[in-house]
Amino acid sequence: MTQPSIAGIGAHVDREVTLRGWVYNSRGSRQVRFLILRDGTGMIQCVGGLADLGEERFAALAALTQESSVSVSGRVRTEARAPGGYELILSDFALLGASEDYPITPKEHGIEFLLPRRHLWLRSRKQHAVLTVRATVIAAIHEFLQREGFLHVDAPIFTPSAVEGTTTLFEVEYFGDKAYLSQSGQLYNEAAAAAFGKVYCFGPSFRAEKSKTRRHLTEFWQVEPEMAFADLEDTIVLAENLLEFVAARVLERHRGLLAGVLERDVAKLEAVTAPFPRVHYDEAVARLREAGRDFAWGGDLGAEDEAVLSEQFDRPLHLHHFPVEAKAFYMAPDPQDPRCSLSVDVLAPEGRGEIVGGGQRTDDLAFLEAQLEKHGLPREPYEWYLDLRRYGTFPHSGFGLGIERTVAWLTGRRHIRECIPFPRLMRSISP
RNA sequence: UCCUCGGUAGCUCAAUUGGCAGAGCAAGCGGCUGUUAACCGCUGGGUUGCAGGUUCAAGUCCUGCCCGGGGAGCCA
């Protein structure tokens, strides 16, 4: 007798197996009962007949409640009527842990009800599917970047003093001093790039913004690659190749989950092939005005502007050369047009907004010093960062890719809070 | 911080002009030999977010407060 996983049950047809898992659903009549068992890898229908089990065991089977943990034994057979194509004819079963009044019934629930029960909600089919895709997205990112010669060098989570103003930073007490949770590994990545060439960090970022939209979390994950001796063009190519690879890998591994459980239009993902269309900021302004939007040159795009623009294309698009004022102090200005920075955002299709932000960093010490001054930033905490321009400055560029926003786009989730196991929101930190 | 929508049974929601607070699901009991969020019958289940006000009468109208959803700003 073997104990395979439900995902691999097809290799055990006509054999006797024992499975352990949880009761997802149970239904039946006086003579026969159908129990849907899930074990984390999949689900299988287990069939128990009164004639096979006897009165007492059959009654016990009927008494099993939703999400009780059980051990079941029986013969596996192919069955077209069963969900998944296989079923298990029960010969015996045992209750391991009872579950009384499981709160999340197989019906509709609102977010206000589900979020405080996230620890249980994870067991649901859609949540299980989304987080499975997330794991594949993360693995694909590591695989792609390492294959491209990037070294994984992580940035710290605790950071000293205020870097870009304290309003959006979480402050923590650090042995009598103040420290802040990292908003980005960007600056540290630049130091790492000077040491290792091509690097990336992967970890959580924290924003204390009081934003409560479906695109925001207070704790989110991002991957940030940074390349030495690379320009804006290199960054654009890296970003589109990475996204193409990730989309293809997710389709390869989870086509069934996407089309079935998540009801995602997979044709939209098949269209994600490089190169992506490129739109210069000037052109974006023209396109927005053409679409009837009142947009002034110089500012960042609003969520609605991004949606209007991305709806004009069938795949992600590069929006590049933002005005210097609209971007961070370390962005390099375009030598051909100093009003614009060598920056790029990638907007996901279907109006899902920004998933990538990046570009070429300035390698000019004097310009960087002037920028710090202009942005009213303190000099002292940036001395180490200025050192990178003092000791062998080098052109370099990179970007940050938001994991939850990417997963939301790929899986077709409306809200990114479903795209992280335990979302941290302005009004929700439990469980 | 601002704008906007909402809070009624365990869950999802209804309740006409201010006039007996309801349905489906869940739960409990019963029925059914292949179910697909199974189905059929019966039963139990309410401080209508909180406080006050108007009225013969308030889920409904008025005032204040609390909590939440969505959006803006900001960003990944």
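Lettering follows sequence order; numbering is per chain, from 1.
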J.: For Tyr86(A), what residues pass the ring-ring contact (aromatic ring centres under 6.0 Å, His included) criterion, not counting sequence neighbours?
T.: none
J.: For every nucleotide of nucleotides 27-34 of chain B, 5' to 3': is a protein heavy atom under 4.0 Å from its base (B), only from its sugar-phosphate (S), or from neither (-)?
T.: -----BBB
J.: Ring pair (Phe, Tyr, Trp, His ring centres under 6.0 Å): which pairs involve residues 287-309 of chain A, sequence neighbours left out?
T.: Tyr281(A)-Trp297(A)
J.: With sequence neighbours excluded, tell me which residues meet ring-ring contact (aromatic ring centres under 6.0 Å, His included) with His375(A).
T.: none
J.: Would you tabulate the nitrogen or oxygen pairs shorter than 3.5 Å linking the protein to nucleotides 47-50 of chain B?
T.:
none

J.: Applying side-chain hydrogen bond (donor to acceptor under 3.5 Å, both in side chains) as the test, list every pair that has at least one member in residues 97-106 of chain A; sequence neighbours left out.
T.: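 Every pair satisfying side-chain hydrogen bond (donor to acceptor under 3.5 Å, both in side chains) with a residue in residues 97-106 of chain A: Thr105(A)-His109(A).
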J.: If you write RNA chain B from 5' to 3' in dot-bracket form, with Watson-Crick or G-U pairs under 3.5 Å, [ ] for crossing pairs and | for pairs with another strand, what do you get?
T.: (((((((..((((.....[..)))).(((((.......))))).....(((((..]....))))))))))))....
J.: Under 3.5 Å between N/O atoms: give me all the protein pairs with nucleotides 21-23 of chain B, atom names plus distance.
T.:
none

J.: Could you pull out the protein-nucleic contacts involving nucleotides 9-15 of chain B (nitrogen or oxygen on both sides, under 3.5 Å)?
T.:
{"from": "rC11(B)", "atom 1": "O2'", "to": "Glu108(A)", "atom 2": "O", "distance (Å)": "2.9"}
{"from": "rC11(B)", "atom 1": "O2'", "to": "His109(A)", "atom 2": "ND1", "distance (Å)": "2.7"}
{"from": "rU12(B)", "atom 1": "OP1", "to": "Gly110(A)", "atom 2": "N", "distance (Å)": "2.9"}

J.: Would you jot down, in residue-number order, the residues of residues 352-363 of chain A having a non-hydrogen atom under 4.0 Å from RNA chain B?
T.: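 Here the set is Glu354(A), Ile355(A), Val356(A), Gly357(A).
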J.: Polar atoms only, N or O, under 3.5 Å: list the protein pairs with nucleotides 71-73 of chain B and their distances.
T.:
{"from": "rG71(B)", "atom 1": "OP1", "to": "Arg214(A)", "atom 2": "NE", "distance (Å)": "2.4"}
{"from": "rG71(B)", "atom 1": "OP2", "to": "Arg214(A)", "atom 2": "N", "distance (Å)": "2.6"}
{"from": "rA72(B)", "atom 1": "OP2", "to": "Arg215(A)", "atom 2": "NH1", "distance (Å)": "3.4"}
{"from": "rA72(B)", "atom 1": "OP2", "to": "Arg215(A)", "atom 2": "NH2", "distance (Å)": "3.1"}

J.: Hey, does the side-chain of Arg27(A) have a donor or acceptor N/O within less than 3.5 Å of a partner on the base of rA37(B)?
T.: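 Side chain to base: no pair below 3.5 Å.
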J.: Return the set of residues passing salt bridge (Lys or Arg N to Asp or Glu O under 4.0 Å) with Arg27(A) (not counting sequence neighbours), or none when no residue passes.
T.: none
